[in-house]
Amino acid sequence: MNNIGKNSFDIGRMDALAAGDSLLHRLDPRAKLITTLVFIVAVVSFDKYALSAILPFFLYPIALISLGGLPYNYLLKKVLIVSPFAILIGVFNPLLDREILFHIGSVGISGGFVSFLSILLRFVLTVTAALILISLTGFNAVCESMRKFGVPKPFIVQLLFFYRYLFVMTDEADRMVRARSLRTFNSGTMSFRIFISLIGHLLLRTLDRAERIYRAMCCRGFDGHFYLIRSMKIRVPEIIFMSGWVSLFVLFRCTNVPLHLGTLITGIVP
Amino acid sequence: MTHHIVEAIDLHYTYPDGTVGLNGVSFRVSHGESVALVGENGAGKSTLLLHLNGCLTAAQGTLRIGDYPLNSKNLNEVRRSLGMVFQNPDDQLFMPTVFDDVAFGPLNFGMTKDEAKQTVLRALETAGVGHLAKRPPYKLSQGEKRSVSIATVLAMSPDILVLDEPTSSLDPRSRRRLIELLKTFEHTKIIATHDLDMALELCERTIVLHGGCVTADASTQEILQDEAFLHANSLEKPLCMQKISLWDPNKIPHHTHHHSDYTHKK
């Protein structure tokens with residue numbers, strides 16, 4: 001059965017989540033943005049065979065998801081949707097890099113396989129962190145804090161518009177696909193010709209809409225500037241949140257915590 | 001004292017693809033009047049509305065809005081004094097939240113942030129959607145979106161309100177609420193619509209467009225009673241004047257006879 005009536009993305013749910021009222025939700029968006037950026041940089045900067053050293057970083061998403069009351073399943077599904085990109089990047093590593101790094105029992109584990117796993121770990125961590133940031137803050141607040149940090153306005157405006165009309169466009173695409181499948185009696189595959197025509201129509205409709213929106217903006221005196229009324233304040237909780245996490249990230253990045261823990265427990269010095 | 005008039009003299013407009021949009025449109029709407037603009041699809045209603053706020057420029061003819069003849073120099077003043085509510089609220093509501101959207105106009109026209117805040121809240125209250133201020137526009141129902149679109153325009157305190165199909169795709173109650181809201185406005189109003197019942201209720205005067213020309217400009221009552229004229233302009237008597245009894249298919253006028261099938265089925 002084809003999911004004719006189902007919206008494929010359901011990104012809107014993140015906004016609903018962002019409207020929550022936990023301690024984490026109430027933090028200044030800038031604090032969360034900086035912490036997330038530091039987190040991502042720390043995770044990405046490991047060398048390509050790092051595996052165990054990355055593991056402690058899972059503390060951050062797990063802590064935030066539990067404290068912020070976010071749904072694990074929903075976020076996991078979103079991560080899975082984009083996972084093909086990461087898999088595609090790393091999937092050939094085991095073929096290209098066959099040097100054996102270590103053995104588990106009698107099975108030799110090649111460097112390529114380790115780096116592939118490492119890519120997947122990093123991917124899950126960074127994407128989850130970004131999703132958590134948006135689910136706890138809301139896309140608009142994230143954009144607004146980027147603006148406060150001096151990211152150029154045209155870039156922010158593009159992002160805001162992209163986000164605002166993403167919903168309108170997916171709706172439109174959904175309606176077109178539904179209209180098609182209702183007249184093809186769910187025969188499954190779409191021929192290339194029809195696909196091209198659908199995409200073409202979507203583009204034309206988008207252009208038409210862009211023009212109408214621009215007109216509506218002009219009617220209300222748009223002159224290339226966006227003004228927003230917002231107040232943001234960095235207070236003690238923000239500083240504690242940021243400094244706490246950032247120092248943890250530095251610790252995790254500079255020392256291999258699982259290795260030291262293992263050494264401590266087994267008493268074997270490598 | 002500004003005079004909230006709209007005056008068009010012999011407007012002509014042809015689209016780049018050769019479609020004739022307007023073919024000599026003239027009318028004068030004076031201060032405080034409420035005018036319905038009706039006509040079949042493609043009669044030129046939307047084209048005319050786009051002229052009123054300078055989105056399109058007539059190839060020939062002049063347009064006066066308030067005290068200004070419309071030209072590129074006073075475009076901003078005109079756009080401020082003539083508030084336009086578009087047909088599709090999704091085109092009009094593009095900011096992250098309802099509040100930002102309503103504040104968009106006032107801030108662009110140079111209001112300070114504190115003034116703008118007050119104005120926005122007042123406009124939202126007037127449109128009856130004060131409780132929606134923090135919501136993102138794409139989450140609203142069609143009726144709520146429409147009310148917010150009206151608030152975005154009210155926030156600029158226009159003298160003249162122009163509405164394009166305000167009751168389209170609204171449920172009966174939202175439509176009723178909208179009509180009652182519009183009744184309370186004292187602005188000069190121009191309402192393009194296919195909802196002739198609403199036109200009858202809100203507008204004492206009606207301008208009929210057909211093929212880019214004004215074919216009638218008279219009292220709404222008078223126009224909507226002239227069945228032969230309505231027929232020639234692809235229109236139909238408003239439902240409230242048709243005296244249909246749904247329970248008696250024989251009384252349904254002949255051109256809607258095929259509907260009787262539905263009244264029989266139960």
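In what follows, chains carry the letters A, B, and so on, assigned in the order in which the sequence lines appear, proteins first and then strands, with residues in each chain numbered from 1.
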How many angstroms lie between [atom1] in [X] and [atom2] in [Y], if you round to the nearest 0.5 Å?
{"X": "B:Arg80", "Y": "A:Cys219", "atom1": "CZ", "atom2": "SG", "value": "14.5 Å"}
{"X": "B:Met95", "Y": "A:Leu160", "atom1": "CE", "atom2": "CG", "value": "7.5 Å"}
{"X": "A:Glu211", "Y": "B:Asp91", "atom1": "CD", "atom2": "CG", "value": "11.0 Å"}
{"X": "A:Arg220", "Y": "B:Phe94", "atom1": "CZ", "atom2": "CZ", "value": "4.5 Å"}
{"X": "A:Met217", "Y": "B:Asn108", "atom1": "CE", "atom2": "CG", "value": "8.0 Å"}

Given that the side chain runs from C-beta out, which part of [X] has a heavy atom under 4.5 Å from chain A: side chain, backbone, both or neither?
{"X": "B:Asp90", "value": "both"}
{"X": "B:Leu93", "value": "both"}
{"X": "B:Lys139", "value": "side chain"}
{"X": "B:Leu56", "value": "side chain"}

Hey, can you tell me if A:Tyr163 and B:Tyr138 have their rings parallel, tilted or perpendicular (30° and 60° cut-offs)?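 Rings of A:Tyr163 and B:Tyr138: perpendicular, over 60°.
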
Over 12 non-hydrogen atoms of neighbours within 6.0 angstrom of [atom1] in [X]:
{"X": "A:Arg193", "atom1": "CZ", "answer": "no"}
{"X": "A:Phe161", "atom1": "CZ", "answer": "yes"}
{"X": "A:Phe85", "atom1": "CZ", "answer": "no"}
{"X": "A:Tyr72", "atom1": "OH", "answer": "yes"}
{"X": "B:Gln142", "atom1": "CD", "answer": "yes"}
{"X": "B:His131", "atom1": "NE2", "answer": "yes"}
{"X": "A:Phe195", "atom1": "CZ", "answer": "no"}
{"X": "A:Phe58", "atom1": "CZ", "answer": "yes"}

Which heavy-atom pair separates A:Arg215 from B:Cys55 by the least distance, and what is that distance?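 Smallest heavy-atom distance, with atoms named: CG-SG, 3.7 Å.
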
Is A:Tyr165 close to chain B through its backbone or its side chain, or both, or neither, when contacts mean heavy atoms under 4.5 Å?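 Side chain only.
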
Close side-chain approach of A:Arg209 to B:Asn88, heavy-atom, < 4.5 Å: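 A side-chain contact exists here, since the closest heavy-atom pair is under 4.5 Å.
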
